[in-house]
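Notes follow once the structure below has been shown.
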Amino acid sequence: MEVIVRPTTAEAVKLTAQLIADLVKAKPNCNLGLATGATMEAVYADLVKMYQAGEVDFSKVTSFNLDEYIGLAPDDPNSYRYYMNYHLFNHINIDKSKTNLPDGLAKDYDAEGERYEKAIKAAGGVDLQLLGIGRDGHIGFNEPLSSFASRTRDKALTPETWKQNSIYFNPPESMPMSAFTMGVGTILDAKQALLLITGKSKAAIAAKAIEGPVSSMVTASALQLHQHAVVILDEEAAANLTMREYYDWVFAHDRKWANYR
Ligand code: F6R
């Protein structure tokens, strides 16, 4: 796992967007794994700006989102399909027929999980999986105790996640209590994982995920087992990290980061 701390949220976001754009430039027909949530809004805004400036072409990209609420239709403003259209897909030249999310209206949950896994496999696997982290340490909606071998499936949300996200629903009680999510195993299969963590409310869980023991209690800690995982944090989210000097040293000196400093 490589850890990069940037002085501001905007710089952490910019680096994240640059890494995604650089993959698309290097491999125009890549498979991007995408995430939703408040943290990602700025990343998508940066990618839209890059697209508008003619710097990146998404026409051959295929995407797979991490998760979708069970029971929400694609045109529901709280669905993750709506979020993706609103923040990214409507503003870039991606072919919407190549953008994939679990179907929130699927009635057979096991079949939907299998369908999604097969679609990822048929596309050749995810090249880069973008991730955020929940305050309980989840990646995707892999809540504490999710197996590291788990695949796309339905998952009951924790009361903490429910409380955190229900503020977006009107009324808050209408928020679904479960979601389809890629499993930890699905995420670990991506060729690269890119986790963005910003803000002081994430400082405690960031330290647990990055420097704590690998544990299904904090599913983001599974990324310590990934061959190619990069975690980007802003100063506030990095506040509790103990190996900070080393992370800064690597970013300043390792030649692979030369174009990003
Ligand atoms: C969203 C997702 C979640 C979020 C996480 C952080 O697709 O999979 O894991 O990344 O809950 O959300 P924010 O950024 O809203 O704090």
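Just so it is clear, the values below take in all heavy atoms, side chains as well, and ignore hydrogens, waters and symmetry mates.
For the atom pair Asp154 CG and Ser178 OG, the distance stands at 6.5 Å (nearest 0.5 Å). Here Leu128 contributes atom CG and Leu32 contributes atom CG; the two are 6.5 Å apart, rounded to the nearest 0.5 Å. If you take CD1 on Ile70 and CG on Asp103, they are separated by 10.0 Å, rounding to the nearest 0.5 Å. Within the model, atoms CG of Leu196 and CG of Leu194 stand 7.5 Å from one another, a figure rounded to the nearest 0.5 Å. The distance from atom OG1 of Thr62 to atom NZ of Lys98, rounded to the nearest 0.5 Å, is 5.0 Å. Taken from OG1 in Thr152 to CG in Asp67, the straight-line distance is 10.0 Å, to the nearest 0.5 Å.
Under a 4.0 Å N-O distance rule, the pair Asp127/Lys27 qualifies as a salt bridge. Taking 4.0 Å as the cut-off between side-chain N and carboxylate O, Asp189 and Arg151 count as a salt-bridged pair. Electrostatic pairing of Lys14 and Glu11 does not count as a salt bridge here, judged by no charged N lying under 4.0 Å from a carboxylate O.
Between the side chain of Trp162 and the main chain of Leu157, no donor-acceptor pair closer than 3.5 Å is present. With hydrogens and angles ignored, the 3.5 Å screen pairs a side-chain donor or acceptor of Asn100 with a backbone N or O of Ser63. The backbone N or O of Ala123 sits less than 3.5 Å from a side-chain atom of Asn31, completing a donor-acceptor pair. The closest donor-acceptor contact from the side chain of Ser79 to the backbone of Asp75 lies at 3.5 Å or more, if one exists at all. Put simply, the side chain of Glu68 gets close to the backbone of Arg81: a donor and an acceptor are under 3.5 Å apart. For Glu211 (side chain) and Thr242 (main-chain N/O), a donor-acceptor pair under 3.5 Å exists by modelled atom type.
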Could you go through residues 38-56 and list every donor-acceptor pair under 3.5 Å that involves a side-chain atom there, pairing it with any protein atom two or more places apart or in another chain?
from, atom 1, to, atom 2, distance (Å)
Tyr44, OH, Ala35, N, 3.2
Tyr44, OH, Ala35, O, 2.5

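Follow the hydrophobic side-chain contacts under 4.5 Å out from Ile94 and you never reach Tyr86; the two are in separate clusters. Under a hydrophobic-cluster definition in which Ile, Leu, Val, Met, Phe, Trp and Tyr are linked whenever side-chain heavy atoms come within less than 4.5 Å, directly or via other members, Ile133 and Met1 are assigned to the same cluster. Leu66 and Tyr82 fall into different hydrophobic clusters, defined by Ile, Leu, Val, Met, Phe, Trp and Tyr side-chain heavy atoms under 4.5 Å apart, directly or through other members. Residues Tyr260 and Ile4 are members of one and the same hydrophobic cluster, defined by side-chain heavy-atom contacts under 4.5 angstrom among Ile, Leu, Val, Met, Phe, Trp and Tyr. When hydrophobic clusters are built by joining Ile, Leu, Val, Met, Phe, Trp and Tyr residues whose side-chain heavy atoms come closer than 4.5 Å, directly or via intermediates, Ile92 is grouped together with Leu130.
Side-chain contact annotation: Glu173 with Ser166, donor-acceptor N/O pair under 3.5 Å absent.
The shortest side-chain heavy-atom distance between Ser150 and Asn142 falls under the 4.5 Å cut-off. When side chains are defined from C-beta on, Asp57 does not count as touching Val24, because their heavy atoms never get closer than 4.5 Å. Residues Val231 and Leu131 are not in side-chain contact: their nearest non-hydrogen atoms beyond the backbone lie 4.5 Å or more apart. Counting heavy atoms from C-beta on, the side chains of Thr158 and Thr161 come closer than 4.5 Å. Counting only heavy atoms from C-beta outward, the side chains of Glu112 and Pro102 approach each other to under 4.5 Å. A 4.5 Å side-chain heavy-atom check between Tyr83 and Asn78 finds every atom pair outside the cut-off. Here the side chains of Met84 and Leu34 are in contact, with some heavy-atom distance below 4.5 Å. Side-chain contact between Phe64 and Gln129 is absent, with no heavy-atom pair separated by less than 4.5 Å.
Residue Ile139 comes nearest to Ala220 through the heavy atom pair CG2-CB, 3.8 Å, listed as atom of the first residue, atom of the second, then distance. Across all their heavy atoms, Leu15 and Arg6 have their closest contact at CD2-CD, 4.0 Å. Between Ala237 and Ala206, the shortest heavy-atom distance links the atoms O-CB, 3.7 Å. Scanning all heavy atoms of the two residues, the minimum distance from Ala193 to Leu223 falls at CB-CD2, 3.9 Å. Taking both residues in full, the closest heavy atoms of Asn165 and Tyr80 are given as ND2-OH, 3.7 Å, listed atom of the first, atom of the second, then distance. When all heavy atoms of Asn65 and Met182 are compared, the closest pair comes out as O-CE, 3.5 Å.
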Determine, step by step, whether Lys208 and Asn240 satisfy the side chain to side chain donor-acceptor pair (under 3.5 Å) criterion, reporting the C-alpha distance in whole Å, the side-chain angles of both residues, the deciding distance to 0.1 Å, and the verdict.
CA-CA 9 Å; Lys208 279 190 187 169; Asn240 295 12; over 6 Å; no
Under the side-chain contact (heavy atoms from CB on, under 4.5 Å) criterion, do Val230 and Leu195 qualify, and how do the steps go?
CA-CA 6 Å; Val230 174; Leu195 170 60; over 6 Å; no
Walk me through whether Arg153 and Thr181 qualify under side-chain contact (heavy atoms from CB on, under 4.5 Å).
CA-CA 6 Å; Arg153 70 213 182 288; Thr181 180; 3.7 Å; yes
What verdict does the side-chain contact (heavy atoms from CB on, under 4.5 Å) test give for Val126 and Lys191, after you've listed the backbone C-alpha separation in whole Å, the side-chain angles of each residue and the deciding distance to 0.1 Å?
CA-CA 6 Å; Val126 169; Lys191 292 179 191 82; over 6 Å; no
Please evaluate residues Glu235 and Arg244 with respect to the criterion salt bridge (charged side-chain N to carboxylate O under 4.0 Å, His left out), reporting the C-alpha separation (whole Å), side-chain torsions for both, the decisive distance (0.1 Å), and the verdict.
CA-CA 10 Å; Glu235 201 66 60; Arg244 176 62 190 278; 2.7 Å; yes
Please assess Thr99 against Val61 for the test side-chain contact (heavy atoms from CB on, under 4.5 Å), listing each intermediate value before the final yes or no.
CA-CA 8 Å; Thr99 64; Val61 168; over 6 Å; no
Can Thr219 and Glu143 be said to form a side chain to side chain donor-acceptor pair (under 3.5 Å), step by step?
CA-CA 7 Å; Thr219 56; Glu143 299 289 34; over 6 Å; no
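Centroid-to-centroid, the aromatic rings of Tyr69 and Phe141 come within less than 6.0 Å. In this structure, Tyr116 has its ring center at least 6.0 angstrom away from the ring center of Phe180.
Heavy atoms from other residues, nucleotides or ligands lying under 6.0 Å from NZ of Lys163 number 12 at most. Taking a 6.0 Å sphere around OH of Tyr109, one finds it holds 12 or fewer heavy atoms contributed by other residues, nucleotides or ligands.
Every pair passing side-chain hydrogen bond (donor to acceptor under 3.5 Å, both in side chains) that includes a residue from residues 223-234 is listed here, sequence neighbours excluded: Thr9-Asp234.
Qualifying side chain to side chain donor-acceptor pair (under 3.5 Å) partners for Tyr246, counting only residues two or more places apart in sequence or in other chains: none. Considering only residues two or more places apart in sequence or on other chains, Trp249 meets the side chain to side chain donor-acceptor pair (under 3.5 Å) condition with none of them. The side chain to side chain donor-acceptor pair (under 3.5 Å) search around Ser216 returns none, not counting sequence neighbours.
Connectivity analysis of hydrophobic side chains (ILVMFWY, heavy atoms under 4.5 Å, direct or indirect) links Leu105 to nothing; its cluster partners are none.
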